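Quick caveat, the model's predicted, so the values are computed rather than measured. Any value given below was found using the heavy atoms of this structure, including those in side chains, with hydrogens, waters and symmetry copies removed. When a residue number appears, it is its place in the shown sequence, counting from 1.
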Amino acid sequence: MQLTESWGAVFPAGLRERYDVRETRNAAAIMRTTAPEAFQDMIDVLEGFHLNLDKLTTPGGSKTVVARELDESFRVRGWREARFEQELTTRLVLYPWTSAPIPEKKRVEESRNEYGGHKVDNVRGRAALDVEWNPKDGNLDRDFGNYVALYESGMIDVGVILTRSGDSLRHFTRDLIAQVKAVHVPDEYTEWHTRMAKLADDPFGTSTTSNFGKLVPRLERGDGRGCPVLAIAVTERCYTPPPRTVAEEVFRLAVALQEHGPGLEVDDA
């Protein structure tokens, strides 16, 4: 499938510089037209988002700090998590044979099948958006399946997948983590050392997870079928370096973690 480039005309220049974007069927232009409030929300979230040393060196779990921040940014703007469910009823009508020796009546055989059960991260109006920061490969296929079913049933006009870029962000993060782990932090900062012990040296290096590089081929081969799909990737160009050296920033974070505990997100200073 040939990709379109309507996003180039409707995305602000600053976003085009920081994010990688691909689409099918003029998804960005369609979203701006049929779901203008959702489109503006998306632009506002992307403009306000940035990566920093704290976010990239916080170990992930079922929901990483980045994915949680993005989801919450949409929720406060009125987007809500949704569950996709579909019930299909099939009827087979058998008509009587008028020449039958014994009079027959019309019969109807029916079967019911339920599909779905998958969740969509964020829905507002005619737009659905999933945050797939470091997803398993199967998550992308599930998202496409949801978008196609919702589009063909008339529920949405566009599906959006917000993910991370591939090798470039992986290498950037790996190098940053190496710098951070090389900083000597006194043993008394136990919270920081616990965090570093949990942090993988190459958190985006797992072959079973997906990213923008694996998403684009799905667009090109038409996995979204008739549904316009917009794919956006957070890149290393979204990174805002600390105002001080890496070592000074690490020590600031270590102090904050020791004072407030790991559950507190540390603000930039």
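- Residue K136 holds its NZ atom at 7.5 Å from OG1 of T208, rounded to the nearest 0.5 Å.
- Taking the side chain as every heavy atom from C-beta outward, D121 and L162 never approach each other to under 4.5 Å.
- Using a 4.5 Å heavy-atom cutoff, the side chains of K106 and L94 are not in contact.
- Other members of the hydrophobic cluster containing M155, listed by chain and number, are L3, F84, V120, V123, L140, F144, Y147, L150, Y151, I156, I161, F212, L215, V216, L219, V229; membership follows side-chain contacts under 4.5 Å among ILVMFWY residues, whether direct or relayed.
- Here the CZ-CG distance, from R75 to D41, works out to 13.0 Å after rounding to the nearest 0.5 Å.
- At a threshold of 4.5 Å between non-hydrogen side-chain atoms, the residues V158 and R25 do not count as touching.
- Under the 4.5 Å side-chain contact rule for hydrophobic residues, V21 and V131 share a cluster.
- The environment of K214 atom NZ is dense: over 12 non-hydrogen atoms of other residues, nucleotides or ligands sit within 6.0 angstrom.
- For the residue pair P96 and E104, the shortest heavy atom distance occurs at CB-O, 3.4 Å.
- Identified under the salt bridge (charged side-chain N to carboxylate O under 4.0 Å, His left out) test for residues 166-193, with sequence neighbours left out: R170-D202, K181-D201.
- Using a 4.0 Å cut-off between charged side-chain N and carboxylate O, E220 and R218 make no salt bridge.
- Of all heavy-atom pairs between R164 and S210, the closest is NH2-O, 3.7 Å.
- Taken to the nearest 0.5 Å, the NZ atom of K119 stands 12.5 Å off from the CG atom of N146.
- For the pair T24/Q2, no side-chain contact is recorded, criterion being any heavy-atom separation below 4.5 Å from C-beta on.
- F204 places none of its side-chain heavy atoms less than 4.5 Å from the side chain of N211.
- The same ILVMFWY cluster, assembled from side-chain heavy atoms under 4.5 Å apart, contains both L199 and V255.
- Within the 4.5 Å cutoff, side-chain heavy atoms of L56 are placed close to those of Y239.
- In this model, no donor atom of one side chain and acceptor atom of the other lie less than 3.5 Å apart for D130 and N122.
- Within the model, atoms CD of E5 and CG of N26 stand 10.0 Å from one another, a figure rounded to the nearest 0.5 Å.
- Between the side chain of H118 and the backbone N or O of G145 there is no donor-acceptor pair closer than 3.5 Å.
- Between R225 and E152, at least one side-chain nitrogen of the basic residue sits less than 4.0 Å from a carboxylate oxygen of the acidic one, meeting the salt-bridge criterion.
- A side-chain donor-acceptor contact under 3.5 Å links T190 and Q258.
- If you chain together hydrophobic residues whose side chains sit under 4.5 Å apart, L253 and L176 fall into the same group.
- S165 contributes no side-chain N or O that, together with a main-chain N or O of T235, makes up a donor-acceptor pair within less than 3.5 Å.
- The closest side-chain donor-acceptor pair between E236 and S168 falls under 3.5 angstrom.
- Residues I177 and L169 fall within the same hydrophobic cluster, defined by Ile, Leu, Val, Met, Phe, Trp and Tyr side chains chained together at heavy-atom separations under 4.5 Å.
- With hydrogens and angles ignored, the 3.5 Å screen pairs a side-chain donor or acceptor of T163 with a backbone N or O of E132.
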>> Would W192 and F251 count as a side-chain contact (heavy atoms from CB on, under 4.5 Å) here? Give the steps.
In response: CA-CA 9 Å; W192 178 259; F251 189 73; over 6 Å; no
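- For the pair E249 and R252, the salt-bridge criterion is met [side-chain N within less than 4.0 Å of a carboxylate O].
- Interatomic distance, CE of M42 versus CZ of R124, reported as 12.5 Å (0.5 Å rounding).
- The cluster map of Ile, Leu, Val, Met, Phe, Trp and Tyr, joined by side-chain heavy atoms under 4.5 Å apart, puts V10 and I30 in different clusters.
- Between the side chain of R195 and the backbone N or O of T57, at least one donor-acceptor pair lies under 3.5 Å.
- The minimum heavy-atom distance between P203 and N134, with the atom names listed, is O-ND2, 3.7 Å.
- Residue V76 shares its hydrophobic cluster (ILVMFWY side chains chained together at separations under 4.5 Å) with no other residue.
- One finds a salt bridge joining R107 and E109 here, because a Lys/Arg side-chain nitrogen approaches an Asp/Glu carboxylate oxygen to under 4.0 Å.
- Side-chain atoms of F49 and L70, non-hydrogen and from C-beta on, do get closer than 4.5 Å to each other.
- Heavy atoms from other residues, nucleotides or ligands lying under 6.0 Å from CD of E87 number more than 12.
- Taking OG1 of T58 as the reference point, atom CZ of R68 lies at 8.5 Å (rounded to 0.5 Å).
- Between the side chain of K55 and the backbone N or O of H50 there is at least one donor-acceptor pair closer than 3.5 Å.
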> Passes side-chain contact (heavy atoms from CB on, under 4.5 Å), I232 versus V160? Steps please.
Replying inline: CA-CA 8 Å; I232 305 169; V160 183; 4.2 Å; yes
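- Under a 3.5 Å cut-off, the side chain of T206 and the backbone N or O of T209 do not form any donor-acceptor pair.
- A search for side chain to side chain contact (heavy atoms under 4.5 Å, CB included) contacts involving I43 returns F11, P12, L15, F39, Q40, E47, not counting sequence neighbours.
- Sequence neighbours left out, the pairs with a member in residues 6-19 that pass side chain to side chain donor-acceptor pair (under 3.5 Å) are S6-E23.
- Heavy-atom neighbours of E37 CD from other residues, nucleotides or ligands within 6.0 Å: at or below the threshold of 12.
- For the residue pair T34 / R126, no side-chain donor-acceptor distance below 3.5 Å is found, with atom types taken as modelled.
- E72 contributes no side-chain N or O that, together with a main-chain N or O of E69, makes up a donor-acceptor pair within less than 3.5 Å.
- Counting heavy atoms from C-beta on, the side chains of R112 and E110 come closer than 4.5 Å.
- Applying the 4.5 Å side-chain rule to ILVMFWY residues, one finds V93, Y95 in the same cluster as V108.
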